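Working notes for the structure below.
Protein chains get the first letters and strands the later ones, always in sequence-line order, with residue 1 at the start of each. As the structure is a computational prediction, the values presented were derived from the model and not from experiment.
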Amino acid sequence: MLNNPFEVTKAVDFTNQEIASRFVSFSSAEFPLVDPRSPITHYLVGGKGGGRTHLMRFYSYPLQKARAKHGLLAHIETEGYIGVYAPASGLDGSRFEGASIDRGAWRAVFAQSFETRLVMLLLDVLSDIQDTESPWTDSALSNFSAELAHLVLDLHVEASSRPLHAIRASLTTMQQQLDAAVNNAPLTRSLSVGIRFNPGSLLFGVGMLAQQLAGLHDVKITYMLDELENLTESQQMFVNTLVREKELPTCFLIGAREWGVRTYQTLSAGEENKEGSEFRKVVPETAYSQNEDSYRQFCIAMITTRLREAGLNPEAADDWTAKLSVARGTPLMDETLLRAIGGRDRRHLMRLALVVEQATGDRELANQAVENARFDDHPLLEKLTILRGYQAWSKARVFVPSQFSSARSFIEPLRQGAADARLTNYLNLWKHDMAAQIYADHINEQPYGGIDTFIDMSGHLPRSLLVILKYVTSRADWHNEKPFLGQEFIPTSTQSAGIRDASGWYLNDVKPLGELGTHCDNAIRRLGSLLRDVRYADKPSEVNVTSFSSNLDEVDEKTVEVLNSCVKHRMLIEIVGGRQGRNQGSVHRKYQIHPMLAPFFALGFGRRGDLTLSGTEVKALFSPGSEESDFQSVAKKRTAPMRAPFAPPSQDQLF
Amino acid sequence: MSSYDYSIFTKTRLAPIEVPSLRFDLLISAYNDSERVTSAFNLINAAEKHWIVYDEYGYTPAERPAADCWSPLVGESVIDAWERFFAEISLDPHLDVAIDITGMMRPHLLLLPLMLKRAGLARATFLYSDPVSYVSGPTTTFTKGPVERVAVVPGFVGTHRTSINARDCLVIGAGYDHDLVKAVAESKRNSDHFLLVGMPGLQPHMYQESVYRISQVRESINDFRARSLLFAPANNPFMTAQVLSDHINNVRQKQGIDNIYLCPVGPKTQVLGFAWYYLCEAVGTATSLIFPYAQRYSRETSTGLAAVHTFELEFDAFQ
């Protein structure tokens, strides 16, 4: 039986060979997204699951070696760089703090440890090249090692026939002594470490020495520092200083989650590195979102590659996404909606009767309104008629029977297949929200399905797409629906359930650590709840609402911090350019709830309407100090005008 | 093959009715609202008794126990706190000392055997009380506040191998707090991940509940499958140490693992087992303990007192 090709969703679970065989390029460029040979430092930042680690590992030396079909050094010369992959988690940065030791001392020791470690990794690469095809003479290597030894004070190197190994061993000993001093500091309360070289001198020096080796003259040495978020602000300042002061051929490619870049400050007289000057920031999701067609092709290629690697024959792999097809149905969705309602009473008609009778005290008027709205075979037309009637009622603020007879006249041509452009537009605008209300009213989960839905939902995070596929195919497997055999569709119910699983996972997975995580979690749950209340209101103020905008007037710093953290952790997406304010002409900041979270709150995926929120309302949602009762009060006030009877019962009605 | 046989250490299990037979010169216990903690403190005979009250439980002065109690200072390192505590109670290394670890903060517990040895003790009795059940069943959390950071445990840091092909392994001692498991696993994304779970659990239903909780964060655990799970009895730190010893020897020898990270976030007995393994076998190797530090912990997580376990720690077992 075929192993689930979507079981592994993280690059760390792949061997180098698997990384190579499953790599899919986003573009036709030799080096997509970032060029590891670039003399300017690139920060590859983004949300969790953007493909950063997969890309950095693909660029790293072990994969370069695997790609070298006609000589390793020749291949490196052709590619123009050596990629030294160094995840920051291996540094255990938390060792370099506390124990009542001065922060400056810790910073100096961290710098020594950091540079030594990177140089040791480079020496491993050079040794491996030498062990593979011996391109360098003993004399060249002896000179290299001797000159490297001069970069470090009092570094004793044993005479050896393998100079690279000997200098590596000396650096290892030095590193172990440093580690021992650092590790014992909490118990000894002292840090007895000699500073053996100036910041940058070892790292940049060894790069220049390597250039003297045959074949490396025009080759960049690119240190790929992944997981920068594992370093403290002070430690990142040292990395930033290296970025600022860097000397070719040494280059850096830095990987981090967006929230993990704590500072761009350096230790160079407090200077800050500037984007476009000292570094360039590349966000994979942004690149993907700028070319939706390419992103779709990229996703399909990723799926197909995995299926083929798992053993599916090429033809079946290429056609596999058809198994996720969902029945299109008729424009009015009659069959699916009638099935959703089943034998139950129609809740929307019952509610209409209730609110009209509440407003007028007249059961006959209520029955008339219901009769005007009734389309037995077309539940969607009933919902659209009621919506139209509610819209007129809300505008007039009083109930008038003609509101629902007019609404019927407006909607009726849809039944007859004679809708004009205005009516067709009305149908297209409200169809999905009204269908969603019918599902919700009749105790049905929202149906989701289809590869395009999955891709939209991923929010340009490829890993999220894989997680969706994993949950969907796992469920299909449990139901014995043979997700990787034959051509039968995976039922929409299975796809929907898998999507909801993935959405729940995402909500738990992306929230930040610490107190901020709790605040972000609360805020997103409140926002999702408010958007859901709007979508499922009698008269939603917006179509397919998944976004909000605000001028953030009088919003305090702590609230903005939570809002920004939600963006950095991909719970929200900030829309570039914002939105023009409706009254003052000012530009509002605009945010969309991440599409991975939409099913959790039974929302749609598009970004059609947005809710304009005042600063006070934003605070009720996002402020760490906002109580649940504050939010409930704001949400109630906000959605009250969307609920029939649209005016207090005491207000006079015309009938 | 293990280089160490942990079955040489002594443990006993006492029913609640047998607990008053325990006699010590000095009893130290960490205060919280759990019945098993307060009952054991009252039932055990000792000439001198001290409560430790942790700020992380958030007790107000009025809520603290009336008996003699001591607290670490806010921001004080664990090593400093233990040294100050021993100095303030004038700890006599020749006394027969018992420490109830049931309510103890894990970072403090991890360092306790080492700090007792540094204080001159040759041995001590560690006590742990089994609950009848946890308050909220499978949804119980012990960590009330969120995880603030994952960091090495000072004093338990090894010298790790740096290499382009170095392989790391993370063993998480898992209990009910799946968010802690997630935080730790994600802090060591480039490691092989293993989870050590209590089997049998402290009570029969607890194994299933903890595995259910772990499954909620499976996406954060690298290559999560049946082989990712290791099992050791939840109430036996020596067996925990033995399982760790066997597993780590195995992955080092057969899988070429270089660097080991250990993180106990499960029952306190398991935490003690991790510390004991480290002290007995891992000092000076490429092994470190890491921990997800949180600001607040639940005060009351269990009901009843089912049994009291005693573990005799002999500090000449390590250097």
Side-chain angles (χ1 to χ4, degrees), chain A residues 7-13 48 53 60-62 84-87 89-95 97-100 116-118 120-122 124-125 128 171-172 175-180 182-187 189 226-227 230 232 463 467 470 505 508-509 511-518 521, chain B residues 75 77-80 83 111 114-115 118 145-166 168 170 178-179 182-183 186-193 216-225 258-259 261 283-284 286 288 290-296:
Chain A
E7 181 63 32
V8 176
T9 58
K10 303 193 296 292
V12 292
D13 282 344
K48 212 170 171 179
T53 298
S60 68
Y61 170 73
V84 182
Y85 182 68
S89 59
L91 283 163
D92 296 318
S94 59
R95 292 182 297 154
E97 58 188 21
S100 307
T116 306
R117 186 168 181 270
L118 291 189
M120 286 162 68
L121 294 174
L122 174 63
D124 285 347
V125 172
D128 192 70
L171 288 175
T172 301
Q175 179 77 5
Q176 285 172 343
Q177 289 166 350
L178 185 148
D179 280 343
V182 168
N183 299 345
N184 288 327
L187 292 168
R189 292 182 179 79
D226 200 5
E227 306 173 357
N230 282 310
T232 64
R463 184 182 169 209
V467 172
K470 176 177 175 173
W505 158 79
N508 185 51
D509 191 61
K511 70 179 177 191
L513 279 183
E515 205 171 17
L516 194 57
T518 308
D521 189 65
Chain B
S77 80
V78 176
I79 292 171
D80 290 349
E83 287 186 348
L111 274 150
L114 176 64
M115 299 310 292
R118 285 166 62 91
V147 175
E148 296 296 322
R149 64 188 191 125
V150 179
V152 294
V153 177
F156 287 79
V157 188
T159 300
H160 293 279
R161 178 171 176 251
T162 299
S163 162
I164 54 166
N165 45 28
D168 298 354
L170 168 67
H178 61 294
D179 277 346
K182 174 173 177 279
E186 294 193 350
S187 77
K188 290 289 173 193
R189 292 203 294 273
N190 284 286
S191 302
D192 291 356
H193 290 170
Q216 293 182 301
V217 292
R218 53 183 293 162
E219 289 301 326
S220 299
I221 299 163
N222 294 343
D223 198 17
F224 183 61
R225 57 182 70 182
D258 299 288
N259 301 314
Y261 292 92
V283 174
S288 293
I290 58 175
F291 193 77
Y293 291 87
Q295 280 187 332
R296 283 277 179 272

Heavy-atom closest pair, residues E219(B) and K10(A):
O-NZ, 2.9 Å
Considering all heavy atoms, the nearest S94(A)-R149(B) contact:
CB-NH1, 4.4 Å
Give, as side chain, backbone, both or neither, the part of D226(A) having an atom under 4.5 angstrom from any heavy atom of chain B.
neither
Quick check: closest heavy atoms across S187(B) and S89(A), and the distance to 0.1 Å?
O-CB, 3.6 Å
Closest contact, heavy atoms only, T159(B) versus A180(A)
OG1-N, 4.3 Å
If you tally heavy-atom pairs under 4.5 Å against chain A, which of S191(B), G158(B), S288(B), G284(B) wins?
G158(B)
Among L187(A), L121(A), N230(A), who wins on heavy-atom pairs under 4.5 Å with chain B?
L187(A)
Give the intermediate values and the outcome of side chain to side chain contact (heavy atoms under 4.5 Å, CB included) for residues V217(B) and N508(A).
CA-CA 9 Å; V217(B) 292; N508(A) 185 51; 4.2 Å; yes
With sequence neighbours excluded, residues passing side chain to side chain contact (heavy atoms under 4.5 Å, CB included) with N259(B):
H160(B), R161(B), A166(B), D168(B), Y261(B), A286(B)
Residues E227(A), R189(B); criterion side chain to side chain contact (heavy atoms under 4.5 Å, CB included); working and verdict:
CA-CA 9 Å; E227(A) 306 173 357; R189(B) 292 203 294 273; 3.1 Å; yes
Report which part of N184(A) has an atom under 4.5 Å of a heavy atom belonging to chain B: side chain, backbone, both, or neither.
neither
Between D509(A) and K182(B), which heavy-atom pair has the shortest distance, and what is it?
O-NZ, 3.0 Å
If I measure from the heavy atoms of chain A, does L111(B) come under 4.5 Å with its side chain, its backbone, both, or neither?
neither
Specify the closest pair of heavy atoms between K188(B) and D92(A), including all atoms of both residues, with the distance to one decimal.
NZ-OD1, 2.5 Å
Side chain to side chain contact (heavy atoms under 4.5 Å, CB included) against R189(A), all qualifying residues, sequence neighbours excluded
I79(B), D80(B), E83(B)
Interatomic distance, OG1@T162(B) vs CG@D124(A), rounded to 0.5 Å, equals 8.5 Å
Under 4.5 Å heavy-atom distance to chain A, tell me which part of S220(B) shows up: side chain, backbone, both or neither.
both
Measuring heavy-atom distances to chain A, does L114(B) have an atom under 4.5 Å in its side chain, in its backbone, in both, or in neither?
side chain
Measuring heavy-atom distances to chain B, does V125(A) have an atom under 4.5 Å in its side chain, in its backbone, in both, or in neither?
both
